[in-house]
Amino acid sequence: DDNKPIASNLQPEKNATLELYNWSQYIWPKILDEFAAQFNCKVKVTTFNNMDEALAKMRTGQVPFDIFFPTIDVLGKLISTKLLQPVNADYVPNLAANCWDVYTNPFYDQKAQYTVPYTIYTTGIGYRRDVVSDEEVQGMSNPYDIFWDPKYKGQVGIYDDYREAISMALLRKGITDLNTTDPATIAQAGQDLIDMLNTNNVRTSINGAYLGLPKGQYQVHQAWSGDIAAAWFYVSHYTMTDFQTIGYWYPKDRVGAINNDCIAIPSNAQSPVLAHEFLNFMLDYKNAMNNFSWVGYQVPQKKADPTTLTTTKSVQGEPYVFPWLIDAVVQESDFQTGYLELELEPSVDTLWHDAWSKFQSG
């Protein structure tokens, strides 16, 4: 009762600066310029590298952000501590009109009270096709082993993200519960990461997949499908030959890690009406697809047929996803076969963080 949505039929704040808190390189600046022009406002973006960093800053309350881009596994923390305000659906008709039906009542946010969907993605393996052939990766009995293969020592990267890194180590061992509460299983996954570090001098980064791979800084990197779809922007030469150096593996049976990110409004937003307008703006089909064309991350839009994403050119002049990266295209059915990283109880989350800390300390 003490955290209610704003009233309906309010006018957007005038002469406002909409404050966004987002991952780096995770929204097309041109889209923000178009929003600013339409609503006669300014837009400022502050970035973070991982959700731990983002949560720490959100909890301080020192910066009153209007828009935040959370993952679904932290929503309970954000809502229980009243760091998010409920969304007034009257301002966001594009949610029901344009998005996959499941997002009007997602399992992680009943009746979409606090969030709207932003992007959908899988987590797999990004690699340099001029070093590692498609046949080599696809032909491995367990492609996750490539991160431990000493042949790529010094050229391997994983995300600076404790959930994604440990989950990958679990999947390598055939453990599909990416929310395991078993201390021994978590500790072993952490030890496996340490073994990978000792074998291959693995590096952690948040931009290694979309930036490091095309620049030749890595040969293999853990990858979100969206990072790989956008990696062509960062190649040394804008030629098809360079575009084709980037590859992506995800299990052929579509049984792997999958997730979606959200957009939400912090409870201390200074421009909450304008923030609601932003949510609706980002769920407009044209705006969502144009943003997809730049960030590389697919959007759950009803009219965005996954079967045409490798053949339809975007406003960038190339397909939304290159044909040889078809594994990076997310199907709606993938959410029935894939494995989600969900919210962990605090005591379990501590176990995961402890395992990650040991890996980080070498």
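Tracing side-chain contacts under 4.5 Å through hydrophobic residues (I, L, V, M, F, W, Y), one reaches V102 starting from Y121; they form part of the same cluster. Residues I125 and I206 do not share a hydrophobic cluster, defined by chaining ILVMFWY side chains whose heavy atoms lie under 4.5 Å apart. Note on Y248: it clusters hydrophobically with Y218, by side-chain heavy-atom contacts below 4.5 Å among ILVMFWY residues.
Nearest heavy-atom pair, G362 versus N198, reported as atom, atom and distance to 0.1 Å: O-OD1, 4.5 Å. Taking each heavy atom of A269 and Q85 in turn, the nearest pair found is CB-NE2, 3.9 Å. When every heavy atom of A264 is checked against every heavy atom of P266, the shortest pair comes out as O-CD, 3.7 Å. Heavy-atom minimum distance, V255 versus P251: O-CG, 3.3 Å. The minimum heavy-atom distance linking N200 with D149 is given by the pair ND2-O, 2.9 Å.
To the nearest 0.5 angstrom, L75 atom CG is 10.5 Å from L342 atom CG. Taking CG of N259 as the reference point, atom OG1 of T123 lies at 7.5 Å (rounded to 0.5 Å). Note: I120 CD1 to Q301 CD = 10.0 Å, rounded to the nearest 0.5 Å. The CG atom of L78 sits 7.5 Å away from the CZ atom of R59 when rounded to the nearest 0.5 Å. In this structure, CG on L340 lies 5.0 Å from CD1 on I72, to the nearest 0.5 angstrom. To the nearest 0.5 angstrom, E19 atom CD is 9.0 Å from Q270 atom CD.
A search for side chain to side chain donor-acceptor pair (under 3.5 Å) contacts involving D66 returns nothing, not counting sequence neighbours. With sequence neighbours left out, T245 forms a side chain to side chain donor-acceptor pair (under 3.5 Å) with no residue at all. For D73, the salt bridge (charged side-chain N to carboxylate O under 4.0 Å, His left out) criterion is met by R163, not counting sequence neighbours. Remark: F68 pairs with Y21, F48 by the ring pair (Phe, Tyr, Trp, His ring centres under 6.0 Å) rule, at least two apart or across chains. Taking W100 as the reference, nothing meets the ring pair (Phe, Tyr, Trp, His ring centres under 6.0 Å) condition, with sequence neighbours excluded. In this structure Y114 satisfies the ring pair (Phe, Tyr, Trp, His ring centres under 6.0 Å) test with no other residue, sequence neighbours excluded. By the salt bridge (charged side-chain N to carboxylate O under 4.0 Å, His left out) test, D192 pairs with K173, sequence neighbours left out. Residues that satisfy the ring pair (Phe, Tyr, Trp, His ring centres under 6.0 Å) test with Y159, not counting sequence neighbours, are H221, W224.
Residues D2 and K82 meet the side-chain proximity criterion, which asks for heavy atoms closer than 4.5 Å. Taking 4.5 Å as the limit, every side-chain heavy atom of D177 sits out of range of all side-chain heavy atoms of L170. Two residues are said to be in side-chain contact when any heavy atoms from C-beta on lie closer than 4.5 Å; D327 and L325 fail this criterion. Side-chain contact between Y108 and C262: present, with at least one pair of heavy atoms (C-beta onward) separated by less than 4.5 Å. Two residues are said to be in side-chain contact when any heavy atoms from C-beta on lie closer than 4.5 Å; D52 and W356 fail this criterion. F65 is listed as a side-chain neighbour of M58, based on a closest heavy-atom distance under 4.5 Å. Between D261 and W23, some side-chain heavy-atom pair lies under the 4.5 Å cut-off.
Remark: the backbone N or O of Q113 is paired with a side-chain donor or acceptor of D109 at under 3.5 angstrom. Looking only at distances, no side-chain donor or acceptor of Q25 sits under 3.5 Å from a matching main-chain atom of V295. Between the D334 side chain and the Q331 main chain, a donor and an acceptor come within less than 3.5 Å of each other. In this structure a side-chain-to-backbone donor-acceptor pair under 3.5 Å is present from W352 to T180. At least one donor-acceptor pair under 3.5 Å links the side chain of S293 to the backbone N or O of N290. A donor-acceptor contact shorter than 3.5 Å links the side chain of N3 to the backbone of L84. At distances below 3.5 Å, at least one donor-acceptor pair connects side-chain atoms of T239 with backbone N or O atoms of D242. Although no hydrogens or angles enter the test, the distance criterion places no donor-acceptor pair under 3.5 Å between the side chain of T312 and the main chain of L309. Judged by distance alone, with hydrogens and angles left aside, the side-chain atoms of S271 form no donor-acceptor pair with the main-chain N or O of A16 at under 3.5 Å. Remark: side-chain polar atoms of N105 are paired, donor with acceptor, to backbone N or O of K111 under 3.5 angstrom.
Ion pairing of E343 with K77 is present here, as a side-chain N (NZ or NE/NH1/NH2) and a carboxylate O approach within less than 4.0 Å.
Among pairs with a residue in residues 131-153, those fulfilling ring pair (Phe, Tyr, Trp, His ring centres under 6.0 Å) read Y144-W249, at least two apart in sequence or across chains. Counting only residues at least two apart or on different chains, the salt bridge (Lys or Arg N to Asp or Glu O under 4.0 Å) pairs with a member in residues 122-131 are R128-D130, R129-D134.
No donor-acceptor contact under 3.5 angstrom links the side chains of T115 and Y103, judged on distance only. Checking Y162 against D349 by side-chain atom types alone, a donor-acceptor pair falls below 3.5 Å. Under the 3.5 Å distance criterion, with hydrogens and angles disregarded, a donor-acceptor pair is assigned to the side chains of D90 and S8. Side chains of Q191 and D195: a donor-acceptor N/O pair is present below 3.5 angstrom, by distance only.
The number of heavy-atom neighbours closer than 6.0 Å to CG of L10, taken from other residues, nucleotides and ligands shown, is above 12. Environment of CG in D305: crowded, with over 12 heavy atoms of neighbouring residues, nucleotides or ligands closer than 6.0 Å. Surrounding NZ of K44 are at most 12 heavy atoms belonging to other residues, nucleotides or ligands under 6.0 Å away. More than 12 heavy atoms of other residues, nucleotides or ligands sit less than 6.0 Å from atom CD of Q110.
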Run the side-chain donor-acceptor check on residues 272-284: report pairs under 3.5 Å with partners two or more places apart or on a different chain.
{"residue": "H276", "atom": "ND1", "partner": "P272", "partner atom": "O", "Å": "2.7"}
{"residue": "H276", "atom": "NE2", "partner": "N88", "partner atom": "N", "Å": "3.0"}
{"residue": "N280", "atom": "OD1", "partner": "N94", "partner atom": "N", "Å": "2.9"}
{"residue": "N280", "atom": "OD1", "partner": "N94", "partner atom": "ND2", "Å": "3.4"}
{"residue": "D284", "atom": "OD2", "partner": "K286", "partner atom": "N", "Å": "3.1"}
{"residue": "D284", "atom": "OD2", "partner": "N287", "partner atom": "N", "Å": "3.1"}

Name the atoms and distances for all side-chain donor-acceptor pairs under 3.5 Å in residues 27-40, with sequence neighbours left out.
{"residue": "K30", "atom": "NZ", "partner": "E34", "partner atom": "OE2", "Å": "2.7"}

> Should E136 and K151 be marked as a salt bridge (charged side-chain N to carboxylate O under 4.0 Å, His left out) after you check the CA-CA gap, both sets of side-chain angles, and the distance that decides it?
Replying inline: CA-CA 13 Å; E136 179 179 350; K151 179 166 58 174; 3.1 Å; yes
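In summary, of the residues considered (Y26, Y297, F292), a ring-ring contact (aromatic ring centres under 6.0 Å, His included) with Y118 occurs for Y26 alone.
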